[in-house]
S.K.: 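Quick one: the structure is below, questions incoming.
Order of listing sets the numbers, starting from 1, for every ligand and every atom in it. Only this structure's heavy atoms are used, side chains among them; waters, hydrogens and symmetry mates stay out.
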Amino acid sequence: MRIRFTKMQGAGNDFIVLDETRQRLDLTPAQYRQLADRHFGVGADQILTVRPSPAPGVDFEYVIHNADGGEVEQCGNGARCFARYVADKGLTRSDRIKVQTLSGVIEPRLNADGRVTVDMGKPVFRLEDVPFVAAGLSPHKEGAWEKWHLALGTHAESEIVAVAVLSMGNPHAVQEVADVDRAPVAKQGPLIEHHSRFPKRVNAGFMQVVDRGRIRLRVFERGAGETLACGTGACAAVVAGIRLGKLDARVDVETRGGLLTIEWAGGDAPVLMTGPAVTVFEGEIELQE
Ligand SMILES: N[C@H](CCC[C@H](N)C(=O)O)C(=O)O
């Protein structure tokens, strides 16, 4: 099957955008994996699919698949690229768009300076909703919140990491490090992603607090490995830092792929994420059946 696609990136987190507003493609997990493959396909961290509105009150549906072919609930950098795509393709004339995702409705807004702001909804802290299995563990209080100590690896050489656990529609485990450039992301990332206490796996964040308005962040993403930026990961890290008493309500997040700005007023307030969204190229690919 030959299909058209648009390649995009948001702070270096890269995507293949598929337009199903006129016709469903009904791709298989293997075909999503082929698309994302950086040697045998186009190459991307995630595949974003644009579908028509599923219900009154929302403009589009937004479906996300990781490079491993699995469908996931949310993608922050992808939401910005989604908004840029539907605007550039004339699929909407509004600069505020309501989009249905697996984890609820989000609202990207196209700014005059070319960046995109997304209301990513409220963070979720109920452990069962992350999901995180805390049985047998006790939380370690820090500031007004808590961290959980996870044993990584086999008993012999297992090390303990302290993570804040929350969901932005998708699951996140955020730990603090002194220097992100020296953080053991490649070693610890997969061990955290596949830790048995995360039944749906988890995105593993490594956050360095620079000051109350700035962090540096690396994320080993569920189903994609380390990416140059993770939008929901930036939201989760800032929310965790605020709840732990280390960050103010507006934080610049330095990722390896660029700068994201996250704002959260606490409590039931939504998390706002602002950052770039860029079209790289368009193309066609012959997918294996
Ligand atoms: N790997 C994530 C999905 C993509 C999230 C990330 N690319 C973002 O910008 O939020 C997960 O499995 O939950």
S.K.: Side chain or backbone of T227 under 4.0 Å from ligand 1, or both, or neither, by non-hydrogen atoms?
M.R.: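 Contact part for T227 vs ligand 1: neither.
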S.K.: Pairs of nitrogen or oxygen atoms closer than 3.5 Å, one from I64 and one from ligand 1: do any exist?
M.R.: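 No; the residue has no nitrogen or oxygen that sits under 3.5 Å from a nitrogen or oxygen of the ligand.
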S.K.: So if I count the atoms of ligand 1 from 1 in the order they appear, which ones are less than 4.0 Å from some heavy atom of G76?
M.R.: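 In order of numbering, the contacting atoms are 8 (C), 9 (O), 10 (O).
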S.K.: In terms of residue, atom name and distance, what is the protein heavy atom nearest to atom 5 (C) of ligand 1?
M.R.: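 Going by distance alone, atom 5 (C) of ligand 1 is nearest to E221 OE1, 3.5 Å.
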S.K.: Minimum distance, heavy atoms only, to atom 13 (O) of ligand 1: which one of N203, V72, N77, T232 is it?
M.R.: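 Looking at heavy atoms only, the winner is N203.
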S.K.: I would like to know whether T227 and N13 meet side chain to side chain donor-acceptor pair (under 3.5 Å); could you show each step before the answer?
M.R.: CA-CA 6 Å; T227 57; N13 189 191; 4.5 Å; no
S.K.: What protein heavy atom sits nearest atom 9 (O) of ligand 1, and how far off is it?
M.R.: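 Among all protein heavy atoms, the one nearest atom 9 (O) of ligand 1 is G231 N, 2.8 Å.
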S.K.: Give the C-alpha distance, both sets of side-chain angles, the deciding distance and a yes or no for side chain to side chain contact (heavy atoms under 4.5 Å, CB included) between M8 and V280.
M.R.: CA-CA 5 Å; M8 299 187 78; V280 182; 5.5 Å; no
S.K.: Which bit of M168 gets closer than 4.0 Å to ligand 1, counting heavy atoms only: side chain, backbone, both or neither?
M.R.: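 No part of M168 comes within reach of ligand 1.
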S.K.: Which residue and atom name correspond to the protein heavy atom nearest atom 7 (N) of ligand 1, and how close is it?
M.R.: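 The answer is N13 OD1, 2.8 Å.
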S.K.: Hey, is ligand 1 close enough to Q46 that some N/O pair sits below 3.5 Å?
M.R.: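 Q46 vs ligand 1: N/O contact under 3.5 Å present.
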S.K.: Tell me yes or no: between the side chains of T117 and N111, is some donor less than 3.5 Å from an acceptor?
M.R.: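 The answer is yes; a qualifying pair exists.
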S.K.: Measure up the W145 and F125 rings against each other and bin them: parallel (under 30°), tilted (30 to 60°), perpendicular (over 60°).
M.R.: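 Because their plane-to-plane angle is over 60°, the rings of W145 and F125 count as perpendicular.
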S.K.: Which atom names give the shortest non-hydrogen contact between V99 and P108, and what distance separates them?
M.R.: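 Looks like CG2-CD, 3.8 Å.
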S.K.: Where is the tightest heavy-atom contact between D26 and Q31, given as atom of each residue plus distance?
M.R.: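 Shortest heavy-atom separation between D26 and Q31 comes out as O-OE1, 4.3 Å.
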S.K.: Taking the inter-plane angle between the rings of Y32 and H65 on a 0 to 90° scale, is it parallel (under 30°), tilted (30 to 60°) or perpendicular (over 60°)?
M.R.: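 Parallel: the ring planes of Y32 and H65 meet at under 30°.
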S.K.: Non-hydrogen atoms of D45 versus ligand 1: any pair closer than 4.0 Å?
M.R.: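 Judged by the 4.0 Å heavy-atom criterion, D45 does not count as contacting ligand 1.
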S.K.: State whether the number of non-hydrogen atoms from other residues, nucleotides or ligands found under 6.0 Å of R182 atom CZ is greater than 12.
M.R.: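 No.
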S.K.: Applying a strict 4.0 Å limit to heavy atoms, is G223 in contact with ligand 1?
M.R.: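 Distance cut 4.0 Å: G223 fails for ligand 1.
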S.K.: For ligand 1, which atoms have a heavy atom of Q74 less than 4.0 angstrom away?
M.R.: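 Numbered from 1, ligand 1 contributes 3 (C), 4 (C), 5 (C).
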